[in-house]
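One structure is given here, and the rest of the page talks about it.
Any value given below was found using the heavy atoms of this structure, including those in side chains, with hydrogens, waters and symmetry copies removed.
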There are 2 protein chains.
Amino acid sequence: MSTERRSTRQRAALIEALGTSLRFRSAQEIHADLRDAGSPIGLATVYRNLQNLAADGEVDQVRAEDGEVRYRACGSGHHHHHLVCRGCGRTIELTAPDVERWSEALGAEHGFTNVQHTLEVTGTCARCS
Amino acid sequence: MSTERRSTRQRAALIEALGTSLRFRSAQEIHADLRDAGSPIGLATVYRNLQNLAADGEVDQVRAEDGEVRYRACGSGHHHHHLVCRGCGRTIELTAPDVERWSEALGAEHGFTNVQHTLEVTGTCARCS
DNA sequence: GCGTTAGTGATAATCGTTTTCATGTTACTC
DNA sequence: GAGTAACATGAAAACGATTATCACTAACGC
Ligand SMILES: [Mn+2]
Ligand SMILES: [Mn+2]
Ligand SMILES: [Zn+2]
Ligand SMILES: [Zn+2]
């Protein structure tokens with residue numbers, strides 16, 4: 001899905017806003033932050049661009065417990081997981097080769113193909129406890 | 001949270017409907033199934049009872065990709081994970097002691113306490129491929 | 001049976017997200 | 001630099017799952 005997207009002021013502002021944050025944030029939070037930072041942008045545009053960026057692999061998205069989707073520009077463009085503080089949102093990227101192998105093997109063992117998985121870890125970071 | 005809940009016709013019908021299904025189903029699916037099966041019940045009642053059952057550990061709930069919450073009465077009352085067919089919904093319960101240890105250790109290593117995790121595996125089962 | 005109180009359900013409200021559609025911009029050609 | 005077709009934007013309306021309301025019903029303990 002390599003896409004040629006037009007460069008707009010809004011898209012640039014969104015990418016910059018993402019780049020400067022270490023936390024996962026919802027579309028609405030990001031929208032408010034952009035507004036506060038003096039970059040007027042429509043909410044629908046935030047949603048659209050976040051989805052495009054996610055589809056293009058530029059940002060990660062996770063679904064919070066309450067069902068809201070949160071976005072973050074992660075350092076690695078490759079498959080990884082997250083350890084997220086439930087207090088402050090501080091996020092640490094994790095790789096879990098054992099889990100990758102484990103899920104693949106279990107899928108195969110049960111005759112499943114095209115095996116995917118989701119894995120997220122949460123806790124309270126040192127500063128927050 | 002061990003709760004003393006009153007036994008009602010609706011609650012009994014819901015528990016029975018859950019017991020006879022192997023798939024994860026949304027509250028609305030379960031509601032429709034109950035109606036079709038001749039057990040009139042309000043949608044709000046389905047939602048309320050499913051949440052109670054989940055809080056009491058009687059049913060598992062997972063969030064689908066589209067954000068919908070799905071429910072299922074699982075065999076084991078203990079912590080486990082799922083391998084779910086994206087085609088037919090067929091579900092296999094998994095335990096992953098290695099993952100349990102891995103997430104605990106990683107949390108501790110980064111100074112996190114009260115570490116929790118979610119892990120779900122999806123794929124296409126033999127029958128569906 | 002009675003009273004207390006949790007449970008029910010039709011309906012309205014909530015809220016994150018998506019769609020609509022008229023208008024603004026971008027990228028490209030000449 | 002125009003001209004232009006396709007894409008992007010955004011205010012507003014629509015959507016859809018879930019939750020809240022509230023008048024009514026039915027369990028439970030006595
Ligand atoms: Mn993985
Ligand atoms: Mn586990
Ligand atoms: Zn923290
Ligand atoms: Zn299947």
Worksheet item: Below 4.0 angstrom from OP1 or OP2 of D/dT18, is there any side-chain N or O of B/Tyr47?
Response: yes

Practice prompt. Could you state the atom-to-atom distance from CZ of B/Arg11 to C1' of D/dT25 in whole Å?
Written response: 18 Å

Practice prompt. Tell me whether the centres of the aromatic rings in B/His80 and B/His78 are closer together than 6.0 Å.
Written response: no

Fill in: Lys/Arg N to Asp/Glu carboxylate O, B/Glu58 vs B/Arg5, below 4.0 Å
no

Discussion item. At under 4.0 Å between heavy atoms, how does the protein contact nucleotides 22-30 of chain C? Give one character per nucleotide, 5' to 3', with B, S or -.
Written reply: ---BBS---

Worksheet item: Could A/Arg70 and A/Glu29 be called an ion pair, given the rule that one side-chain N must be under 4.0 Å from one carboxylate O?
Response: yes

Fill in: Nearest-angstrom distance from the residue atom CZ of A/Arg48 to P of C/dT17
15 Å

Fill in: Value in whole Å for how far the P atom of D/dA8 lies from CG of A/Leu14
14 Å

Fill in: CA sep, side-chain torsions, deciding dist, call: B/Gln116, B/His79, side-chain hydrogen bond (donor to acceptor under 3.5 Å, both in side chains)
CA-CA 11 Å; B/Gln116 297 176 358; B/His79 175 84; over 6 Å; no

Worksheet item: B/His82 side chain to B/Glu93 main-chain N or O, any donor-acceptor pair under 3.5 Å?
Response: no

Worksheet item: Looking only at side-chain N and O atoms, does B/Asn52 come under 4.0 Å of OP1 or OP2 in C/dA6?
Response: no

Worksheet item: How long is the span from the CD atom in B/Gln10 to the OG1 atom in B/Thr45, to the nearest 0.5 Å?
Response: 6.0 Å

Practice prompt. Using a cut-off of strictly less than 4.0 Å, decide whether B/Gln10 has a side-chain nitrogen or oxygen near OP1 or OP2 of D/dA26.
Written response: no

Worksheet, complete the sentence: When rounded to whole Å, the CG to P distance for the pair B/Leu43 and C/dA10 reads 10 Å

Practice prompt. Return the value, rounded to whole Å, for the distance between atom CD of B/Glu4 and atom C1' of D/dA27.
Written response: 13 Å

Fill in: For A/Ala17 against A/Thr20, the heavy-atom pair lying closest together
O-OG1, 3.1 Å

Response to the item:
In terms of heavy-atom contacts, A/His81 and A/Leu119 come closest through ND1-O, 3.0 Å

Discussion item. Side-chain N or O of B/Gln28 versus OP1/OP2 of D/dA17: is the shortest distance under 4.0 Å?
Written reply: yes

Fill in: Positions of residues 60-73 of chain A (non-hydrogen atom under 4.0 Å from DNA chain C), listed by number
A/Glu68, A/Val69

Item to complete: Could you state the atom-to-atom distance from CG of B/Leu50 to P of D/dA17 in whole Å?
Response: 15 Å

Worksheet item: Can you tell me how far the CD atom of A/Glu120 sits from the NE2 atom of B/His117, to the nearest 0.5 Å?
Response: 12.0 Å

Worksheet item: Once you round it to whole Å, what is the distance between P of D/dG16 and CD of B/Glu29?
Response: 16 Å

Worksheet item: So does A/Thr45 get a side-chain nitrogen or oxygen closer than 4.0 Å to the phosphate oxygens (OP1/OP2) of D/dG10?
Response: yes

Item to complete: Using atom CD of B/Gln51 as one end and atom C1' of C/dT8 as the other, report the distance to the nearest whole Å.
Response: 15 Å

